[in-house]
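Since the model is a prediction, treat every value here as computed from it, not as a measurement. So that the names make sense, note that chain A is the first sequence line, chain B the second, and so on, each numbered from 1.
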Amino acid sequence: MIREKIVSLVSTALNSAQDAGEIPHFVSPEITIEHPQRIEHGDFSINLPLRIQGLAKMKAIDVANILQKHIEPYSAIEKIEVAHPGFLNFYLEETWVCDQITSIVNAGDYFAFSDIGNGTNVQIEYVSANPTGPIHVGNGRGAAIGSTLANVMDFLGFNVQQEYYVNDAGTQVSIFGRTLYARYAELFGKQIQIPDNGYPGAYIIELAKNIQEQYGDAFLELVDNEPNPELGKIGIDLQLTNIKDDLSAIGVDYDSWFSEQSLMVKGGAYDTSLKLLMDAKLVLKREGAIWFNSSDLGESKDNVLIRSDGQPTYYATDIAYHYDKFLVRKFDRVIDIWGADHQGHVSRVKTALQTVGGDPDSLDVLLYQLVNLRRGDEIVPLSKRAGEIVTLRNVIDEVGADAARFFFLSSSANQTMDFDLELAKSQSDENPVYYVQYAHARISSILVKAEEDSLFKSNPKLSLLNHPSEQLLIRKLLLLPEILENVIADLAPHHLPHYSKDLATAFHSFYTQCRVISEDKELTAARLILLQASQIVLAKTLGLMGISAPRKM
RNA sequence: GCGCUCGUAGCUCAGUGGAUAGAGCGCUGCCCUGCGGAGGCAGAGGUCGGAGGUUCGAAUCCUCCCGAGCGCGCCA
């Protein structure tokens, strides 16, 4: 890539200047390259002279001048300028820029591919909401972030597994079972109190009706004075189906639905990881419960593994779950995506993971801050009447999956987010989703027309694309590879929607300034290739975000 | 009280230690003989919460203070 080429040119120039005795010898820091903010400063900028002025005991501007002299000429570079207080600014050759469109069009859907993942086995686990109820708006944010990250990593050569951890064991599930039983019994005219900490939401009534239709009164009788556990299990399965439907409606598809229950089999991950903790002599019985002495390992406090009623805590099963990810399934790297309310859990999971033999540095926990819903200036409370919440499905139904994903992705994960339903829903120029999609539709429409009129030529003169708006557009297209690398390096998919807006702006601006189909056959053919390249990059960007790229709107 | 995250234009948000801090919406004013106006161009609008510090250079790193959200259960 051109970035690496420039860095290596500068590195060589430094060596050569040092060998010539014009700059003293020292170990150079890593050379960084960036895009200047202002186009007058060129396409790339190197700040090395400023960073080594101390080492060289010279003025940065002098270092820059010497380096400039020692940089070998290179065909893609038109000129190199020294700028105060000591930058080296690189300007790309216009014809080189034009020629890059060919590589985009040739690469097609593989443009921006580079195998930086190198087959690394990565698991991305996200959403994993309790299957005891519908998923809410906050889960939608996790879903958009997780699946987009998975798309990008998959594209860049990682071997990605997307997983949903199904909490089908534990206290919440049994409370769910009792609630469901109460609703189910109601349908047969029995009055049974919903448990105090139960689920008052109306969706449970729907589940109960569904079960009544399929199974009749099969679960009405108590088993050992408790609701039949089979009822709860069926209820969980039905609710899980609803969750799958909702996630699929927002373009999320998992490779794996991992059952918490499966950790609990005799001799399984739960038994093994607990034994490892005990072998480490970090487990003690106290006040009737079994504790992990995590404060001995620098945690702020000890944590309970097994409650005094004999039930394992969420923490204990999560240790087992992470043991399973790393030591049983042997992922090279795991990315967990959690809501920020789980922040306190991160450190102690890593500590426990290390104790059971995993590498905490291979575990990334990406926390996303909470979502506030708004409708214009009005705040929409996330929980409505008792037990009712604003579900992800409500939002998708109102604004559509494309807009929902775009908005969820738009802010960085550690920024609390305001999701404006009114804005997301509006089919107007206020809405950035349509702005980007519109660019794609516009391009498609012109390409169709050009196809009909047979305006394509086999070897168009791309060097004709020298209008400033054309040059700007091509430069934006060429940014995608870097954007994707940044998305992965920072685990920050929010770069994508911003890039897509930028790209759409560059296109719309080009469109109004340069007419594509004109009397000039040569220029028309060249601009059509530019359109093809733009369509490829826009579609790619939208596709990675899980957003459709419509040909008509 | 302790921990994590955040504080950037009226609003919603970008901003890999770099040069004159950006975008969208909103506001003001322009641009349709022609490929899709869901568009384009221009303008107004900022003590980057505050104070110190590190650095050639700080919105960005460090310390303190102020403010907001979240967490600190034998919940998940």
Which listed nucleotide (B:rU5, B:rA19, B:rC70) is nearest to the side chain of A:Gln37? B:rA19
With heavy atoms under 4.0 Å as the rule, sort A:Leu370 into base, sugar-phosphate or nothing. sugar-phosphate
Could you walk me through whether A:Met153 and A:Ile335 pass side chain to side chain contact (heavy atoms under 4.5 Å, CB included), step by step? CA-CA 11 Å; A:Met153 292 188 87; A:Ile335 301 172; 3.8 Å; yes
Hey, is the side chain of A:Arg38 poking within less than 4.0 Å of OP1 or OP2 on B:rA21, counting only N and O atoms? no
5′-ward residue of the pair A:Cys514/A:His345 relative to RNA chain B: A:Cys514
Check every atom of B:rC13, B:rG15, B:rG36 against the side chain of A:His494 and return the nucleotide holding the closest atom. B:rG15
Whole angstrom is fine here: how far is it from CG in A:Asn372 over to P in B:rC13? 9 Å
Taking the C1' atom of each, how far is B:rC66 from B:rG29, in whole Å? 41 Å
Below 30° counts as parallel, above 60° as perpendicular, anything between as tilted: where do the rings of A:Tyr254 and A:Tyr164 land? perpendicular
Counting the atoms with a prime plus P, OP1 and OP2 as sugar-phosphate, which does A:Ala289 contact under 4.0 Å by heavy atoms, base, sugar-phosphate, or nothing? base
Which listed nucleotide (B:rG71, B:rG37, B:rA19) is nearest to the side chain of A:Tyr511? B:rG37
Any idea which of B:rU5, B:rG73, B:rA38 is nearest the A:Lys301 side chain? B:rG73
Length of the line joining A:Gln369:CD and B:rG71:P, which is rounded to integer Å: 11 Å
N or O in side chain of A:Asn47 less than 4.0 angstrom from B:rG18 OP1/OP2: no
Could you check whether atom CD of A:Gln261 has more than 12 heavy atoms from other residues, nucleotides or ligands sitting under 6.0 Å from it? yes
Scan A:Tyr315 against the nucleic acid and name what it touches under 4.0 Å (heavy atoms): base, sugar-phosphate only, or nothing. nothing
Is the phosphate of B:rA14 approached by A:Tyr499 (side-chain N or O, under 4.0 Å from OP1 or OP2)? no
Looking only at B:rA76, B:rG37, B:rU16, the nucleotide nearest the A:Arg348 side chain is B:rA76
Using the C1' atom on both, measure B:rG57 against B:rA19 and round to a whole Å. 10 Å
Nearest-Å distance for atom pair CG/C1', residues A:Asp502 and B:rC13: 13 Å
Is A:Tyr438 stacked against the base of B:rG36, taking the criterion as centroid distance under 5.5 angstrom and interplanar angle under 30°? no
Nucleotide forming a Watson-Crick or wobble pair with B:rG57, both distances under 3.5 Å: none
Please state whether the phosphate of B:rU33, meaning OP1 or OP2, lies under 4.0 angstrom from any side-chain nitrogen or oxygen of A:Arg515. no
If I pick the C1' atom on B:rG7 and the same atom on B:rG15, what distance separates them, to the nearest angstrom? 15 Å
Assess whether one donor atom and one acceptor atom, taken from the side chain of A:Thr505 and the base of B:rA23, lie less than 3.5 Å apart. no
Can you say whether a donor on the side chain of A:Ser445 sits under 3.5 Å from an acceptor on the base of B:rG36, or the other way round? yes
Rounded distance in Å - CD1 (A:Ile483) to C1' (B:rU16): 11 Å
Side-chain N or O of A:Thr512 less than 4.0 angstrom from OP1 or OP2 on B:rC41? no
Checking N1-N3 plus N6-O4 or O6-N4 for Watson-Crick, or N1-O2 and O6-N3 for wobble, each under 3.5 Å, the partner of B:rA51 is B:rU63
Passes side chain to side chain contact (heavy atoms under 4.5 Å, CB included), A:Leu297 versus A:Phe292? Steps please. CA-CA 10 Å; A:Leu297 300 173; A:Phe292 178 38; 3.8 Å; yes
C1' atoms of B:rC48 and B:rC30, separation to the nearest Å: 32 Å
Tell me what A:His342 touches on the nucleic acid: a base, only sugar-phosphate, or nothing, going by heavy atoms under 4.0 Å. base
With respect to the side chain of A:Asp418, which nucleotide from B:rC35, B:rC6, B:rU12 is positioned closest? B:rU12
Are A:Tyr435 and B:rG40 close enough that a side-chain N or O sits under 4.0 Å from OP1 or OP2? yes
Sort out the partner of B:rC41 for me: Watson-Crick or G-U wobble, both distances under 3.5 Å, none otherwise. B:rG29
Looking at B:rA76, I'd like to know if its phosphate oxygens (OP1 or OP2) sit under 4.0 Å from a side-chain N or O belonging to A:Thr171. yes
For A:Gln172 and B:rC74, what is the distance between atoms CD and P respectively, to the nearest whole Å? 15 Å
For A:Asp302, report the nucleic acid contact type (base, sugar-phosphate, nothing); a contact means any heavy atom under 4.0 Å. nothing
Whole-Å C1' distance, B:rA21 and B:rA59: 8 Å
Among B:rA38, B:rG37, B:rA19, the nucleotide that comes nearest once only the side chain of A:Pro36 is considered: B:rA19
Over all strands shown, is A:Ala450 touching base, sugar-phosphate only, or nothing at heavy-atom distances under 4.0 angstrom? nothing
B:rA58 P sits how many Å from A:Leu50 CG, rounded? 13 Å
Please give, in whole Å, the distance from B:rG18 P to A:Leu88 CG? 17 Å
Report the glycosidic orientation of B:rC6: syn if within 90° of 0, anti in every other case. anti
Polar pair under 3.5 Å, donor/acceptor by atom type, side chain A:Ser308, base B:rC74: yes
Tell me whether A:Ile39 at atom CD1 has more than 12 heavy atoms from other residues, nucleotides or ligands lying less than 6.0 Å away. no
Roughly how many Å apart are B:rG34 and B:rG49, using the P atom of each and rounding to a whole number? 48 Å
Which nucleotide sits closest to the side chain of A:Gln415: B:rG7, B:rC75, B:rU20? B:rG7
Please classify the nucleic acid contact of A:His440 as base, sugar-phosphate, or nothing, using heavy-atom distances under 4.0 Å. nothing
What class does the angle between the rings of A:Phe407 and A:Phe419 fall in, given that below 30° is parallel, 30 to 60° is tilted and above 60° is perpendicular? tilted
When the C1' atoms of B:rC6 and B:rA14 are considered, how many whole Å apart are they? 15 Å
Strand partner of B:rG34, provided both Watson-Crick or wobble distances fall under 3.5 Å: none
Is A:Lys325 salt-bridged to A:Glu163, going by a charged N under 4.0 Å from an acidic O? no
Do the ring planes of A:Phe507 and A:Phe510 sit parallel (below 30°), tilted (30 to 60°) or perpendicular (above 60°)? tilted
A:His322 vs A:Trp338 aromatic rings, parallel, tilted or perpendicular, using cut-offs 30° and 60°? perpendicular
Relative to each other, are the rings of A:His35 and A:Phe44 parallel, tilted or perpendicular (30° and 60° limits)? tilted
Measuring from the side chain of A:Arg51 (C-beta onward, heavy atoms only), which nucleotide among B:rA76, B:rG18, B:rA19 has the closest atom? B:rG18
Which residue, A:His84 or A:Glu34, contacts RNA chain B at a nucleotide closer to its 5' end, judged by nearest heavy atom? A:Glu34
Hunt down the Watson-Crick or G-U wobble partner of B:rC11, both distances under 3.5 Å, from any strand shown, or write none. B:rG24
Whole-Å distance, A:Asp341 CG to B:rC6 C1', equals 16 Å
